[in-house]
Amino acid sequence: MAELKKFKTESKRLLELMINSIYTHKDIFLREIISNASDAIDRHHFSSLTDESLDREGNYSIIIERDEKNRTITIKDNGIGMTHDELINSLGTIAKSGSKEFLEKMDKAKKEEQLELIGQFGVGFYSAYMVASKVNVKTKSPFSDKAYMFSSDGVESYKIEEIDKTDRGTEVVIYLKEEKESHEYDHYLEEFTLRDLVKKYSDYVRYPIKMEVSKSVPKLDEKGEKISGEYDEVTEIEILNSMVPLWKKPKKEQKEEEINSFYRKKYYDYEDPFTHLLLNVEGNLNYTALVFIPKHAPQNMYSEKYEKGLQLYSRGVFIMDKCKDLVPDYLRFIKGLVDTSDLPLNISREVLQKTTDLEKIGKNVEKKILSRLEKLLKNDREKYIEFFKQFGVNIKYGVYDQFGASKDLLKDLLIYETINKDAYVTLSEYVKDMPKEQEYIYYASSKNKVSASSLPQMDLIKKKGFDVLIFNDDIDEFAISMLGEYEKKKFKSINQGDLGLKDEIKDKKIEELTVDHKDLLDKLKTLLEKDVVDVRLSKRLTDAPVCLVSEDGVSFEMEKALSHLPNSEQFKASRVLEINPNHKMFKSLENLFNDNDSDLEDFADLLYQQALMIEGFPLKDPVSFSNKMTNLMIKAASK
Ligand code: ADP
């Protein structure tokens with residue numbers, strides 16, 4: 001006799017969400033039903049260990065059947081099944097602790113967020129109603145003589161009736177919705193789609209997921225030889241899933257080549273990864289993480305569209321493709337996955353807690369990656385340099401990001417080229433090699449070593465034998481500004497502010513010279529007042545006539561790096577033109593000034609524009625620069 005029962009209020013609300021919400025995660029229904037089947041088999045297996053009345057042979061499997069004529073997909077398992085009461089309690093109510101919170105969250109969430117909520121954690125059995133107009137669940141528990149069927153359209157009520165079924169387990173029959181116009185649900189009846197969904201979401205379910213598939217095999221002639229170009233369509237039962245995930249195989253079976261080829265296939269890379277890490281963590285949180293550092297930065301890594309993240313699995317069941325919480329921004333280049341038994345696939349446990357758990361896992365993965373890199377830096381410098389050339393920028397970004405929150409974790413992973421050495425050095429190595437009288441860690445922003453070495457500002461520092469770090473990434477100065485100092489040594493740019501050197505000018509002290517030449521310097525300042533905040537005599541130049549430096553604060557490199565931002569004017573370095581008082585050019589300026597020669601104006605402008613060029617800025621006005629230069633050349637030649 002059939003019983004007609006009404007859904008409990010909460011069930012009704014959840015069902016309504018399923019039936020009515022339009023969203024993109026409809027595919028997950030299959031994952032949810034297969035997971036239930038797998039859980040039911042687990043439970044049977046587990047019970048059979050202690051209960052002798054249960055069949056220990058198992059022969060466990062999950063079978064998918066499709067019926068295009070009747071528009072049904074059936075998922076069969078030979079798990080624990082459900083008794084009459086279990087059927088009502090399990091499918092007629094959602095008596096689980098997290099569900100209420102879930103529904104509350106859904107109420108508050110915006111439409112897009114709702115999609116995320118359902119998509120990530122699934123909603124178990126009811127998700128079938130995203131694609132079904134009706135679902136029948138036929139089930140037989142080994143603890144009951146009778147078998148029952150639940151059937152419902154998921155609206156108000158469901159029917160329970162006794163049926164004939166003797167084999168243990170459950171069959172879920174999904175009647176696909178019919179959209180006459182869009183045919184939205186039809187593709188779920190295709191072999192290809194189902195195979196694909198199993199591969200994507202349920203590849204590592206422990207039990208074989210079988211389906212009848214059709215194949216073309218070459219036709220054979222009477223002698224059993226292949227007839228070329230002719231095929232027979234045959235059907236056979238195929239196991240769609242690979243069952244044991246690579247990361248769960250015993251250590252000795254995890255071959256490097258297999259891991260590499262897994263990486264290449266899964267993350268669409270044409271080459272092996274730079275390195276991989278496999279973590280098996282047991283404790284409060286249990287999980288396995290398989291993480292890869294690629295050899296090369298993903299092409300679009302810096303584009304807005306790039307999504308960082310690791311894949312998330314719950315006991316082998318795929319949940320989410322790019323789980324952001326697992327990866328700090330600066331490690332956005334890593335690929336891989338986390339498989340945990342502690343995150344519920346369904347909503348039955350605290351959904352709310354999930355983020356903190358994920359963050360904890362993410363933190364640990366981060367720590368492990370960094371310690372791997374530290375080891376590499378220590379033991380295989382060459383390989384580390386290879387890594388750093390690809391991802392050094394990311395490490396520097398990590399130092400800077402979030403107001404330096406990770407700077408202490410990262411500062412010892414930084415390496416730099418220097419003016420004096422042929423190798424990269426760490427900050428610690430630089431500081432160790434500093435001569436006693438050197439107070440600061442000097443750096444120069446420059447495209448490469450050659451151009452850094454030839455910066456006029458470098459003269460004096462080179463003469464003193466101090467080494468200088470070369471900064472060639474936009475982010476360098478920002479990262480350093482976040483560090484401020486390393487082992488109590490402050491950083492100092494060689495073209496910013498005072499160099500902190502003891503005055504070394506041979507004849508007179510700079511201050512005295514400045515007083516002596518006040519009028520000339522004032523005149524130059526007036527001539528260049530639109531371009532520079534000051535014209536000074538330089539302590540840092542020995543060979544070059546002039547250079548451009550900035551006051552403390554925004555540096556030239558920062559200015560260049562920020563120039564593409566809106567309102568970038570506020571990030572303008574204040575320019576100071578420094579003149580070498582020991583250079584012949586200074587004498588010429590003095591002469592022109594004393595003779596009241598109008599050429600002084602052109603000289604000032606040319607010197608300023610030269611200084612701009614040396615700093616890697618564009619010329620202020622290339623045409624006037626060239627004209628002035630030509631005039632001077634003509635003048636010089638006619639003397
Ligand atoms: P969850 O799986 O999160 O508990 P579901 O709504 O998917 O939530 O399922 C509710 C309950 O129904 C399950 O906990 C289980 O007891 C029962 N159930 C669902 N599918 C099966 C199945 N194939 N075999 C046995 N029991 C099942």
Side-chain angles (χ1 to χ4, degrees), residues 5 7-8 10-19 28-48 54 58 60-65 73-103 117-118 120-132 135-144 147-152 154 158 160 163 165 167-174 201-202 205-207 209 314-317 319 341-351 354:
K5 289 182 170 290
F7 283 113
K8 291 268 158 56
E10 277 176 10
S11 294
K12 249 178 72 177
R13 286 201 38 220
L14 202 48
L15 280 162
E16 247 167 57
L17 273 168
M18 292 301 105
I19 294 173
I28 62 155
F29 81 92
L30 190 65
R31 168 189 90 180
E32 301 289 308
I33 302 299
I34 289 177
S35 291
N36 281 348
S38 165
D39 287 349
I41 295 177
D42 274 348
R43 294 217 302 277
H44 182 273
H45 173 69
F46 192 70
S47 305
S48 75
L54 295 179
Y60 297 123
S61 71
I62 298 165
I63 296 169
I64 301 177
E65 284 171 0
I73 306 169
T74 303
I75 295 96
K76 284 188 193 173
D77 67 68
N78 50 4
I80 196 78
M82 285 172 271
T83 62
H84 174 267
D85 291 356
E86 280 167 352
L87 195 53
I88 293 171
N89 288 332
S90 301
L91 304 187
T93 51
I94 44 168
K96 288 160 260 165
S97 65
S99 333
K100 266 210 180 86
E101 281 165 84
F102 173 80
L103 283 169
L117 277 176
I118 306 171
Q120 284 168 26
F121 282 86
V123 281
F125 171 73
Y126 288 161
S127 63
Y129 287 98
M130 294 190 293
V131 300
V135 182
N136 289 349
V137 180
K138 303 173 186 173
T139 185
K140 161 92 176 53
S141 158
F143 304 114
S144 161
Y148 297 90
M149 177 165 84
F150 158 107
S151 58
S152 172
Y158 56 95
I160 303 277
I163 53 164
K165 175 174 162 59
D167 48 342
R168 172 194 83 221
T170 304
E171 281 176 37
V172 179
V173 187
I174 292 168
Y201 291 106
S202 313
V205 166
R206 284 182 292 291
Y207 307 103
I209 302 173
S314 168
R315 277 183 283 145
V317 177
I319 298 199
S341 48
D342 291 336
L343 292 172
L345 172 59
N346 48 55
I347 54 162
S348 54
R349 273 176 266 162
E350 271 67 11
V351 177
K354 88 173 210 285

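Just follow the structure's listing: the first ligand is 1, and inside any ligand the first atom is 1. Keep in mind that what you see is a predicted model, and the values were worked out from it rather than measured.
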Please could you name the atoms of ligand 1 that [X] approaches to less than 4.0 Å, counting only its heavy atoms?
X	answer
F125	5 (P), 6 (O), 7 (O)
S90	10 (C), 11 (C), 12 (O), 16 (O), 17 (C)
A40	22 (C), 24 (N), 25 (C)

Does S61 offer a backbone N or O that forms a donor-acceptor pair with the side chain of N78 under 3.5 Å?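 Such a contact is found between N78 side chain and S61 backbone.
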
Looking at G154, is its backbone amide N or carbonyl O close enough to the side chain of Y126 to form a donor-acceptor pair, meaning the two atoms are under 3.5 Å apart?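 Not confirmed, Y126 side chain does not pair with G154 backbone.
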
Considering distance alone, does some N or O of D77 sit under 3.5 Å from an N or O of ligand 1?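 Min N/O separation from ligand 1 is below 3.5 Å for D77.
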
Heteroatom distance test (T170, ligand 1): nitrogen or oxygen, under 3.5 angstrom: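 Yes, since at least one N or O of T170 sits under 3.5 Å from an N or O of ligand 1.
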
Looking at CZ of F125 and OG of S11, how far apart are the two atoms once the value is rounded to the nearest 0.5 Å?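 Interatomic distance, F125 CZ to S11 OG, rounded to 0.5 Å: 10.5 Å.
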
From OG1 (T74) to CD (E171), nearest 0.5 Å: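 The CD atom of E171 is 6.5 Å from OG1 of T74, to the nearest 0.5 Å.
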
Option nearest atom 7 (O) of ligand 1 (shortest heavy-atom distance, choices N36, I80, L14, L91):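 Looking at heavy atoms only, the winner is N36.
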
Distance alone, cut at 3.5 Å: any donor-acceptor contact between the side chains of T170 and T139?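 Yes.
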
Say whether D42 and Y207, considering side chains only, have a donor N or O and an acceptor N or O under 3.5 Å apart.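 Looking only at side-chain atoms, Y207 and D42 do form a donor-acceptor pair, the distance falling under 3.5 Å.
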
Please work out whether any backbone atom (N, CA, C, O) or any side-chain heavy atom from C-beta onward of E86 is under 4.0 Å from ligand 1, and answer side chain, backbone, both or neither.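 It is neither; nothing of E86 touches ligand 1.
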
Please work out, at 4.0 Å between heavy atoms, whether the side chain, the backbone, both, or neither of V137 comes within that distance of ligand 1.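 Contact part for V137 vs ligand 1: neither.
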
Evaluate the criterion side chain to side chain contact (heavy atoms under 4.5 Å, CB included) for residue pair I174 and F29; output intermediate values, then yes/no. CA-CA 10 Å; I174 292 168; F29 81 92; 3.7 Å; yes

Yes or no: does E32 have any heavy atom under 4.0 Å from an atom of ligand 1?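 No, E32 has no heavy atoms under 4.0 Å from ligand 1.
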
